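Have a look at the structure below, then the notes.
Proteins come first, then strands; the chains are lettered A, B, ... in the order of their sequence lines, and each starts at number 1. From a predicted model like this one, the values you see are computed outputs, not experimental measurements.
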Amino acid sequence: MTATTTEAATDSYHPARIEPEIQRRWEQQGAHRAELGDGDKFYCLSMFPYPSGKLHMGHMRNYTIGDVISRYLGMRGRHVLQPMGWDAFGLPAENAAMANGVPPAKWTRDNIAHMRSQLKSLGFALDWERELATCDPDYYRWNQWFFLRLLKRGIAYKKTGVVNWDPVDQSVLANEQVVDGRGWRSGALVEKREIPMYYLRITDYAQELLDSIDQLDGWPDNVKTQQANWIGRSEGAEISFACGDETIKVFTTRPDTLMGATYMAVAAEHPLAREAARANPALAAFIEQCQKGGVSEAELATQEKLGMDTGLKAIHPLTGAELPVWVANYVLMGYGEGAIMAVPGHDERDFEFALKYELPIVQVITRPDGAAYDAQVWHYDYATKTGQLLNSGPYDGLSCEAGFQAIVNDLEKREAGRARIQFRLRDWGISRQRYWGCPIPIIHCDDCGDVPVPDEDLPVRLPEDLVPDGAGNPLARCEAFVNATCPNCGKPARRETDTMDTFVDSSWYFLRYTCSNNDQAMVDEHTRAWMPVDQYIGGIEHAILHLLYARFWTKLMRDEGLVDVDEPFSRLLTQGMVLAETYYREDESGRKQWFNPADVDIERDDKGRFLRAVLRDDGQPVEAGGVEKMAKSKNNGVDPQALVEQYGADTVRLFSMFASPPEQSLEWSDAGVEGAWRFLKRLWAGVHVHLEAGGTDRALDTAALDDAGRELRRLLHEAIAKVGDDYGRRYTFNTAIAAIMEFSNHLNRYQQAATADRALCQEAWSSIVRLIAPVTPHIAEALWQALGHAGSVFKAGWPEVDESALVRQTVTLVVQVNGKVRGRLALAPDSPREEIERQALAEENVRRFTEGQTVRRVIVVPNKLVNIVVG
RNA sequence: GCCGGGGUGGCGGAACUGGUAGACGCGCCGGACUCAAAAUCCGGUUCUGGAAACAGAGUGAGGGUUCGAUUCCCUCCCCCGGCACCA
């Protein structure tokens, strides 16, 4: 091979020419239409995108992972369904409308059209005939229909809930819209406000959702752990404390510490607190103070603990002692009973509160090793259940477990309490005071109350021409929408203007893909045939909420007789985020201006270490701000479309699969993309060098191969085995690609020799092309054809591993002395232990380290390692 | 604050079940080609010492278990995801 041949062959790789042509061919042939048939189905689902405007790297990575798995299993003969759709309702469309006056519907549909064409240019094997968008009435009518079934079953119900209220904009704010306790647009201090909302009784399914986590063998442990912790089953007791004529009911996981209860604390919204505040202006002011701030748990958990004595006394159910009742901002209405018994001796939050307000702290559980109790400083072991009870009267000396039982028994006898199981999980509030969402199909009638919209009147259509302005829900001001007739009595009535949480939309879209053109039913027999989803792929940020709601919704539909699976997703892959370097300059006022990495050049020293970064436009330095998640705010987003135009889809796909394993975060690197591009050029050139050398039609005669040929063929079949394992079992596409690169380096070297076996080269290139096809489908199609094969590479099947090619003549064993590598041995595989020991001890460098020492032990790991322990 | 995850060369990462730390790629250095550059090709590249052979150190920090630890255990530091109305 001469340099000029390579150059000519390299220069002839033109992705911009071949990719659109191959995509056209796939489309004409309906290559990606999902059809059931003989053999196993494979439903491969990637989380559908929110149509935010254009595809970002996270999407690109997500869908490439799904495409690699789909195409790989398609080549192995599975009937693959890989659909795509749009999570099209939500806040960003309303924000965009406020910014530029375009109705959310138009903005959303324009974005969908653009992003669809972007997805197509990336060559994903998607079945577009099943496309759906959650903002289409054909989709959301089934949200409404199913909601009405849930209402009938009592799973959906109405109660009040607490929301963030912006008193200036007169609007409910999302947690995201509360910044440092203020509304993001008005800057007003946010308040808590109680409003009526619809809820779904997910707590009825808490135990099942927890138990069936065990069935999720194909889910990562960290996600399963997070879900289990979120559901948070705890065994404890419900205890009633008399308080005047009222009763304060609390739940505690530690009834064994009941004798250490020194005060009670109730939430600011608790009826007793409100009652006490009527005669106590200071308390009323404090309760009002507690209404300030947002409702997010992170905010509540980190705020300073504040409280005030109500003056009320509660009676301890076992001792009859009077306990002061406090209002405390760390007790939350809506979590448990909105009241707690405080045991500052053994609960860290109560301890902190008691120290601050000088409430008594009593030790009722011994510490390990009889250590003394220090009521000034919290120690971690105070909260453990390892000690015995003390200062607990008749219960002294009992273990925590026995104390738990004894105290609960006594409470039951006095009818002051009972054992109870409590979940951390709360019912799912689905009402949103927003326009761009699925209308809740309810009509409010003065006479008949809340009346469900009859099935035949569904869908309740969302008007699509409204433009939100940030002050409340425009639906509520849309008379044409609000004015309705009561389905019950026929009198004028008002339509519900709340819409559903967008998590409702995304809780069953995977079911709808199986039958998206059915306008008679929510799901059908195709759903039963395709479900469950065999592989689900999406961002780790959805580990709890979306995945839990989708599991819940599936069980609801099962109990309605609509689907027959208990769990929707057999196997789950959670991809990490896509990151990029950030660059900025700071002006005098400390404000940072962010520059896109594409506009910045890096200067390095002669060892390749980073020296400084300069802006290409003015040659002046910029600061490196570290690697962060790609985001508009840091201007570090890299546009996949621009890269596709520059390098082609295959290069972008290759880099995003090669740069890191899917579960880890991926750091974007233009130089890395350049490397992927170079590899594809070398691959193209390597095949063409082979073809120019004559290719071959001759069958491979493995018996006739020389040593170099046998070695190359062993490496080939090792690579085939490794790549199949990486694609199919490990999902480590980076190592699969590394193995393909490594082997093609060997092959390029091998085929330059005059003695190279052309039939072996033909086998090798034809195999490599199939191995890389799931990642870079366009170049694979083109090279498959160039190698003289008819039809699509994706119909060619997966290369078989020839076990006989894997046999080695020798293996290399490492020889260690006291755990340090001192030499290597080349031996026949599975050599006898005595032979290995003899040769290891005879090795020259090994002898230097064993000389004059006693050999105490020799450890042999077959075909791998010998460790000689001396001393 | 609570729950989950992560930390390995100049950089992205590899090492799958406790067995050769650094595969593959980037960057950098040297060479070939070129009037020159780009592109391409060849070689080198964890750090320290050494011409080399080789030796010592080394996987966020500290300790432990083991013949042997990136991998298992304990303590600590830093970074990231989620926290129920962003999706």
Side-chain angles (χ1 to χ4, degrees), chain A residues 1 3-4 6-7 10-11 47 49-50 52 87 90-92 163-164 172-178 221-223 225-226 228-230 232 295-303 330 348-349 425-426 428-429 431-434 501-503 506 539-546 548-549 574 576-577 579 602 604-610 626 628-629 655 658-661 663-669 671-676 678-679 681-682 685 725-726 729-730 732 734-735 737-742 745 812-816 818-821 824 845 856-859 861 864-865 867-869:
Chain A
M1 183 186 69
T4 44
T6 313
E7 248 171 80
T10 302
D11 288 349
M47 289 183 185
Y50 180 81
S52 54
D87 189 12
L91 267 186
V163 295
N164 301 305
V172 175
L173 299 180
N175 285 334
E176 181 192 52
Q177 297 172 316
V178 179
D221 286 338
N222 61 342
V223 175
T225 307
Q226 282 188 81
N229 290 343
W230 184 261
V295 298
S296 79
E297 190 183 281
E299 188 178 339
L300 296 170
T302 50
Q303 73 190 356
Y330 71 97
E348 191 169 4
R349 288 174 307 174
L425 182 69
R426 311 196 301 264
W428 175 13
S431 294
R432 297 290 179 270
Q433 298 69 44
R434 312 205 182 287
D501 181 3
T502 56
F503 276 127
S506 56
I540 182 65
E541 66 274 20
H542 295 293
I544 299 178
L545 291 179
H546 161 64
L548 188 67
Y549 291 142
T574 50
M577 293 177 311
L579 318 174
I602 308 300
R604 295 174 189 281
D605 69 8
D606 61 5
K607 288 193 170 171
R609 280 185 292 243
F610 175 89
E628 303 229 29
K629 181 178 178 175
F655 174 71
F658 180 61
S660 64
E663 305 219 290
Q664 276 180 43
S665 58
L666 180 153
E667 195 177 316
W668 199 260
S669 147
V673 178
E674 201 59 60
R678 279 203 287 265
F679 171 72
K681 282 201 290 186
R682 275 201 304 276
D725 189 47
D726 285 352
R729 179 181 64 90
R730 295 214 304 153
T732 50
N734 56 328
T735 54
I737 293 164
I740 293 168
M741 287 176 168
E742 198 170 6
N745 290 343
T812 304
L813 275 84
V814 160
V815 186
Q816 299 181 332
N818 285 347
K820 290 192 188 244
V821 179
R824 288 181 170 75
N845 198 44
R856 304 204 178 271
R857 230 173 126 180
V858 180
I859 288 137
V861 180
K864 273 198 172 156
L865 168 145
N867 188 13
I868 300 163
V869 185

**Item:** Distance-only polar pair, side chains of Ser506(A) and Asp87(A), donor-acceptor under 3.5 Å
**Value:** no
Across all chains, not counting sequence neighbours, the side chain to side chain contact (heavy atoms under 4.5 Å, CB included) partners of Glu674(A) are Tyr647(A), Trp677(A), Arg678(A)
Whole-Å distance, Phe679(A) CZ to rC24(B) C1', equals 10 Å
Output for pair (Ile540(A) CD1, Gln664(A) CD), nearest 0.5 Å, gives 12.5 Å
Rounded to the nearest 0.5 Å, the CG atom of Leu865(A) sits from the OG1 atom of Thr812(A) at a distance of 12.5 Å
Check: Is the backbone of Ser296(A) close enough, under 3.5 Å, to the side chain of Glu299(A) for a donor and an acceptor to pair up by distance?
Finding: no
Sorted by chain and number, sequence neighbours left out, side chain to side chain contact (heavy atoms under 4.5 Å, CB included) with Gln226(A) holds for Ala543(A), Ile544(A)
note: Arg682(A), atom CZ; rC24(B), atom C1'; distance rounded to Å ~ 11 Å
Scanning both residues in full, the closest heavy-atom pair of Ser660(A) with Ser665(A) reads OG-O, 3.3 Å
With a 4.5 Å cut-off on side-chain heavy atoms, are Val163(A) and Val295(A) touching?
no
Counting primed atoms, P, OP1 and OP2 as sugar-phosphate and everything else as base, the B/S/- map of nucleotides 79-87 of chain B against protein heavy atoms under 4.0 Å is -SBSBBBSB
Checklist line | Note, Trp230(A) side chain near Leu425(A) side chain (heavy atom, < 4.5 Å) | finding: yes
Check: Phe658(A) and Phe679(A) side chains under 4.5 Å, non-hydrogen atoms: no
Please tabulate the protein-to-nucleotide N/O contacts below 3.5 Å involving nucleotides 52-57 of chain B, giving atom names and distances.
| from | atom 1 | to | atom 2 | distance (Å) |
| --- | --- | --- | --- | --- |
| rA55(B) | OP1 | Arg822(A) | NH1 | 3.2 |
| rA55(B) | OP1 | Asn845(A) | ND2 | 3.2 |
| rG56(B) | OP1 | Arg822(A) | NH2 | 3.4 |
| rG56(B) | OP2 | Arg822(A) | NH1 | 3.0 |
| rA57(B) | OP2 | Lys820(A) | NZ | 2.7 |

Lys864(A) meets the side chain to side chain contact (heavy atoms under 4.5 Å, CB included) criterion, sequence neighbours left out, with Val861(A)
Sequence neighbours excluded, the answer for salt bridge (Lys or Arg N to Asp or Glu O under 4.0 Å) partners of Glu628(A) is Lys634(A)
The reported gap from CG in Asn734(A) to CG in Asp726(A) (rounded to nearest 0.5 angstrom) is 8.0 Å
Pairing string of RNA chain B (Watson-Crick or G-U wobble, both atom distances under 3.5 Å; | = paired to other strand) is (((((((..(((......[....)))((((((.......))))))((((....))))..(((((..]....))))))))))))....
Arg857(A) meets the side chain to side chain contact (heavy atoms under 4.5 Å, CB included) criterion, sequence neighbours left out, with Ile859(A), Val869(A)
Whole-Å distance, Glu663(A) CD to rG6(B) P, equals 10 Å
The reported gap from CD in Glu742(A) to OG1 in Thr735(A) (rounded to nearest 0.5 angstrom) is 11.0 Å
Distances under 3.5 Å between nitrogen or oxygen atoms of protein and nucleotides 13-15 of chain B:
| from | atom 1 | to | atom 2 | distance (Å) |
| --- | --- | --- | --- | --- |
| rG13(B) | O3' | Asn734(A) | ND2 | 3.4 |
| rA14(B) | OP1 | Asn734(A) | ND2 | 3.0 |
| rA15(B) | OP1 | Arg730(A) | NH1 | 3.0 |
| rA15(B) | OP1 | Arg730(A) | NH2 | 2.9 |

**Message:** Taking rA57(B) as the reference, what is the distance to rC2(B) when you measure between their P atoms (whole Å, please)?
**Reply:** 40 Å
query: Are any of Arg678(A)'s side-chain N or O atoms less than 4.0 Å away from OP1 or OP2 of rA38(B)?
result: no
> Can you tell me how far P in rA15(B) sits from the matching atom in rU71(B), rounded to whole Å?
Replying inline: 15 Å
Arg604(A) atom CZ is separated from rG10(B) atom P, nearest whole Å, by 13 Å
The glycosidic conformation of rG9(B), counting syn as within 90° of 0 and anti otherwise, is syn
**Study point:** Inter-nucleotide P distance (rU46(B), rC11(B)), Å rounded
**Key:** 13 Å
Once base and sugar-phosphate atoms are separated, protein heavy atoms under 4.0 Å mark nucleotides 29-34 of chain B, 5' to 3', with B, S and - as S-----
Could you pull out the protein-nucleic contacts involving nucleotides 42-45 of chain B (nitrogen or oxygen on both sides, under 3.5 Å)?
none

_Test item: Asp725(A) side-chain N/O and Arg730(A) main-chain N/O as donor-acceptor pair under 3.5 Å_ = no
Query raised in the report: Taking the C1' atom of each, how far is rG13(B) from rA21(B), in whole Å?
Result: 13 Å
Over all strands shown, is Arg349(A) touching base, sugar-phosphate only, or nothing at heavy-atom distances under 4.0 angstrom? nothing
Of rG5(B), rG25(B), rG19(B), the nucleotide closest to the side chain of Val861(A) is rG19(B)
Whether each nucleotide of nucleotides 64-76 of chain B has a protein heavy atom under 4.0 Å at its base (B), only at its sugar-phosphate (S) or at neither (-) is summarised, 5' to 3', as ---B---------
On a heavy-atom basis, the closest approach of Arg434(A) and Leu173(A) is NH2-C, 3.8 Å
Rounding to an integer number of angstrom, what distance separates rC80(B) and rU8(B) when you compare their P atoms? 15 Å
Practice task
For rU75(B) and rG22(B), measure between their P atoms and round to the nearest Å.
Solution key: 32 Å
Output for pair (Leu548(A) CG, Phe503(A) CZ), nearest 0.5 Å, gives 10.5 Å
From CD of Glu674(A) across to C1' of rC28(B) the rounded distance in Å is 16 Å
In this structure, CG of Asn867(A) is separated from NZ of Lys820(A) (nearest 0.5 Å) by 12.0 Å
Taking rU70(B) as the reference, what is the distance to rC3(B) when you measure between their P atoms (whole Å, please)? 29 Å
When rounded to whole Å, the CE to C1' distance for the pair Met741(A) and rC26(B) reads 10 Å
Per nearest nucleotide of RNA chain B, the residue lying toward the 5' end, Val814(A) or Ala671(A), is Val814(A)
**Prompt:** Parallel, tilted or perpendicular: which describes the rings of Trp668(A) and Phe655(A), with under 30° parallel and over 60° perpendicular?
**Reply:** perpendicular
Atom CH2 of Trp668(A) and atom P of rG25(B) are separated, to the nearest Å, by 18 Å
* Ignoring hydrogens and geometry, is there a side-chain-to-backbone donor-acceptor pair from Thr732(A) to Pro661(A) under 3.5 Å? -> no
Heavy atoms of Arg682(A) and Asn745(A) approach each other most closely as NE-OD1, 4.4 Å
ask   = rG9(B) and rU59(B): how far apart are their P atoms, nearest whole angstrom?
value = 9 Å
